[in-house]
There are 4 protein chains.
Amino acid sequence: MPPIVSDEYKQKKKREILDSAQQAFGEKGYQVATIDDIVAYSGMSKGAIYNYFESKEDIYVQLMNLRTERTFEFFEESLKEYKTATEKIKFLFKTYADVELNEDRQKSIQVHVEFFINSGRDAEMKKLMVDRFKDIYQKFLIEIVEEGKKVGEFGTHVDSNIISSLFWGILDGVCLHYSVLGADEYPYQDIMVEAEKIFMQYIQK
Amino acid sequence: MPPIVSDEYKQKKKREILDSAQQAFGEKGYQVATIDDIVAYSGMSKGAIYNYFESKEDIYVQLMNLRTERTFEFFEESLKEYKTATEKIKFLFKTYADVELNEDRQKSIQVHVEFFINSGRDAEMKKLMVDRFKDIYQKFLIEIVEEGKKVGEFGTHVDSNIISSLFWGILDGVCLHYSVLGADEYPYQDIMVEAEKIFMQYIQK
Amino acid sequence: MPPIVSDEYKQKKKREILDSAQQAFGEKGYQVATIDDIVAYSGMSKGAIYNYFESKEDIYVQLMNLRTERTFEFFEESLKEYKTATEKIKFLFKTYADVELNEDRQKSIQVHVEFFINSGRDAEMKKLMVDRFKDIYQKFLIEIVEEGKKVGEFGTHVDSNIISSLFWGILDGVCLHYSVLGADEYPYQDIMVEAEKIFMQYIQK
Amino acid sequence: MPPIVSDEYKQKKKREILDSAQQAFGEKGYQVATIDDIVAYSGMSKGAIYNYFESKEDIYVQLMNLRTERTFEFFEESLKEYKTATEKIKFLFKTYADVELNEDRQKSIQVHVEFFINSGRDAEMKKLMVDRFKDIYQKFLIEIVEEGKKVGEFGTHVDSNIISSLFWGILDGVCLHYSVLGADEYPYQDIMVEAEKIFMQYIQK
DNA sequence: TATGAATGAGATTTCATTCAT
DNA sequence: TATGAATGAAATCTCATTCAT
């Protein structure tokens, strides 16, 4: 007899739980948010959640994976329309700048930054984070920068590894401050625009 | 009955506890570190700690205050030797870059970044953080930038408020990544040097 | 509507579940083994198991019944070949001694001993156990001992009730120790042989 | 400043908790008894118990240790008055027989038998149990038996290792049955007397 | 009948804080 | 002031049982 519940259904459930976790973690942070918070957001029972995930940490790691996956799916897809490396990087800045307009994405980034912080404290987690950073974030930007250098858009003085690290550092740093200080106190979009200028001016030519 | 112990003694005790808390928070993070961890580092008793501080959060806030105070005392003192705004900002970059060489300062920055993250989640805490950011961090840098603009070191296109926010964002972002990825994976000093170049090139002229 | 599945089919299913339960209980003990363990061993679904049994405890009781039933079927059948009470008792000792060679039977005994332990703690269960002990175990041996006394194989000093209790006590005690200490540490067969000698020497004459 | 609470006090507390655990485990068995049961018996708070023990299993192991220790302290002390090996072994039988009269000791033995059962299922626990059996129980009896053989009380046909194992097997087996069947159904003392006869008759001469 | 996802009471353990000494 | 044992609310996770399909 075939399984009554389809894989699709299970995937949907997992997504629902991860979305609830995103909300809970976004609201209170990973450490402070409880399974009961996730339960409250999801409308499921505690047991149901443990049917899909092994532990709170498992939820956390899988949420991290999902987020990265979604982000880069979006980037890959969006960047297809842009031909030059310059346009691509400008699009990335713009995307992050626009986050302000979308509270979900805002929370999402906050959780992502918190991931970073917590990760450093657990060896296994740290390895995950390091791999993610190198294999996905860095790789993604290095390719664009190299492309720009080859075509002559960017100067030869640009070290694509260093500059990529710096790029993500700037983004995370500004997002971090924005996530804490809030729109009232922190002119996030203006700062992002300035960040773009500073960055582009340096690498171009 | 007159106080048996001097204020000096009390201050010394408080400092000792805050130093122990710094170690504990640096090691495990604020949420995960326990009062018993602080007890272990300090060599005092739990009761003693509660004689000097009201709660774990109180320790946390006062540690934050102390750290900021010390940092800016150091900056104010150090910057006296430097005449131009350019030199001053370069010194700040250099100071942060050199943190790599000092594990204590490294932990300290990590704790500071975590402060930020957690702060956003509690109204009272957030206000504290916002005030600190505006009244101390921003004020400090804005003054230098304005000075540079007035003297003509920096261009008039520079918005000192935006550029200051960006400065701290870059520093915290790079420190954040470094604190998680570690020296093995993250060429922190090179990145800081590049950050300085990028930043200075933009504001100068 | 007539029953779609035969009683035979149902019986077969129940046996399968009980065998799986035997394995699960043998592996982890009644308390620690979960329904999911039984599911894993049986290859059936949780729902299927609850179609045939009311609860975990029901499985447990019925397994106990089955085991006792099987054991005494085997004994009754085997003892037919033996004429004298002495031979019969020696056969019992031999059967238990040979258990070492069969891991399944070993586990089986362990589960049986655990049954005893747990039973004492629940009034209903205890009654079941007491009845089983008196009506089956004791009855079985008392008959043999009485037979031996009547024929003059065993001395008149033998109280068949006491001696029967002692017989089962010795067997369970030695099996208990063996089940925990294992073959490496416990010369089970030698001990059983000695137990037989001690026991037979006392009752004979 | 010296600790306010003496080691004596702590020892007393630990004993109290272990006694409460003994009651709880005796009542319901190790698996079924909860920390809350121990809390109820002890009158302390849950946290207090965790100040003295690391986990439920820790309580269990230390209770086992304490029991063994007490038992053999009692045996060593008591056996001083007895000169011959025969007298010593008879005393052991008598001690176990008299357990019936003391409900605490009864429960105690029940818990001890359950220890055995559970121990076999956890590698670390098993090692503990094996060591205890060999180094304490077996050693203790082997010495007495060897002494009896040397003096000529016991026959040379007696293998002190095998016979010692058998001795403890008989005791545990009879206690096991008694603990489950209860005094109403199981003439414990008569059986113990018979066990003694059977055992002594075999080894003597 | 068979399936296995869902339930939720309940178990173990942690830890900030208090307070008698 | 200093001590650290005691407290108990709250967190994570388990699992026998149910029930819609």
Side-chain angles (χ1 to χ4, degrees), chain A residues 1-6 9-10 13 31-39 42-59, chain B residues 1 3-5 9-10 13 31-39 43-59, chain C residues 1 3-5 9-10 13 31-39 42-60, chain D residues 1-6 9-10 13 31-39 42-59:
Chain A
M1 206 174 290
I4 285 162
V5 178
S6 64
Y9 175 84
K10 281 194 206 169
K13 277 282 186 175
Q31 311 283 359
V32 175
T34 68
I35 295 290
D36 279 324
D37 288 326
I38 300 176
V39 165
S42 70
M44 298 177 204
S45 71
K46 216 177 292 192
I49 286 168
Y50 278 94
N51 279 341
Y52 293 95
F53 296 92
E54 300 209 328
S55 64
K56 192 182 167 188
E57 185 175 325
D58 185 27
I59 295 175
Chain B
M1 211 190 297
I4 288 163
V5 285
Y9 176 82
K10 280 193 199 169
K13 279 280 189 176
Q31 310 284 355
V32 176
T34 66
I35 295 288
D36 278 321
D37 288 325
I38 300 177
V39 164
M44 293 175 206
S45 72
K46 226 177 282 196
I49 286 170
Y50 276 91
N51 278 337
Y52 293 98
F53 295 92
E54 298 208 330
S55 63
K56 193 181 167 187
E57 186 175 322
D58 184 28
I59 296 176
Chain C
M1 211 192 295
I4 289 162
V5 286
Y9 177 81
K10 281 192 200 170
K13 279 281 191 176
Q31 310 284 357
V32 176
T34 66
I35 296 288
D36 279 322
D37 287 326
I38 301 177
V39 164
S42 71
M44 294 177 207
S45 73
K46 226 178 281 197
I49 286 170
Y50 276 90
N51 278 339
Y52 293 99
F53 296 92
E54 298 207 327
S55 65
K56 193 182 169 189
E57 186 176 321
D58 185 27
I59 296 175
Y60 177 71
Chain D
M1 203 173 295
I4 284 161
V5 178
S6 64
Y9 174 83
K10 281 196 208 167
K13 277 282 188 177
Q31 312 282 358
V32 176
T34 66
I35 296 289
D36 279 325
D37 288 326
I38 300 177
V39 164
S42 70
M44 296 175 204
S45 71
K46 221 176 287 194
I49 287 168
Y50 279 92
N51 279 342
Y52 293 95
F53 296 92
E54 300 209 326
S55 64
K56 193 181 167 190
E57 185 174 325
D58 185 28
I59 296 176

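Proteins get letters first, then strands, A, B, ... in listed order; numbering begins at 1 in each. Computation of the quantities below employed the complete heavy-atom set of this structure, encompassing side-chain atoms and omitting hydrogens, waters and symmetry-equivalent molecules. This structure is a prediction, so every number in the text was calculated from the model and none was measured.
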Between CD1 of B:Ile38 and P of F:dG4 the distance, given in whole Å, is 17 Å

As a check of understanding: the bend across the helix from E:dA2-F:dT21 to E:dT21-F:dA2, end axes from five pairs, rounded to 10 degrees, works out to 10°

For D:Val39 and D:Met44, the nearest pair of non-hydrogen atoms, with its separation, is CG1-O, 3.2 Å

Rounded to whole Å, the NZ-C1' distance (D:Lys13 to F:dA6) equals 8 Å

Heavy atoms of B:Asp37 and B:Val32 approach each other most closely as OD2-O, 4.2 Å

Here the gap from C:Lys46 atom NZ to C:Ile38 atom CD1, rounded to the nearest 0.5 Å, amounts to 11.0 Å

* Asked: Is B:Lys13 reaching over with its side chain to a backbone N or O of B:Ala48, donor-acceptor style, under 3.5 angstrom?
  -> no

Closest heavy-atom pair, B:Asp58 versus B:Phe53, reported as atoms and distance to 0.1 Å, is OD2-CA, 3.5 Å

**Request:** Ignoring backbone atoms, test whether B:Tyr52 places a side-chain nitrogen or oxygen under 4.0 Å from the OP1 or OP2 oxygen of F:dA2.
**Result:** yes

| query | Counting just side-chain N and O atoms, does D:Tyr9 come under 4.0 Å of either OP1 or OP2 of F:dA6? | reply | yes

Rounded to whole Å, the CZ-C1' distance (D:Phe53 to E:dT12) equals 16 Å

Margin query: So, OP1 or OP2 of F:dT1: does either fall under 4.0 Å of a side-chain N or O from B:Lys10?
Written below: yes

Shortest non-hydrogen pair, B:Lys56 vs B:Tyr50, comes out as N-OH, 4.5 Å

To the nearest angstrom, the CE-P distance between D:Met44 and F:dT7 comes to 8 Å

For C:Ser42 and C:Ile49 the tightest heavy-atom approach is OG-CD1, 4.0 Å

Given protein heavy atoms under 4.0 Å, the one-letter contact record of nucleotides 10-16 of chain F, with B base, S sugar-phosphate only and - none, is simply -SBBBBS

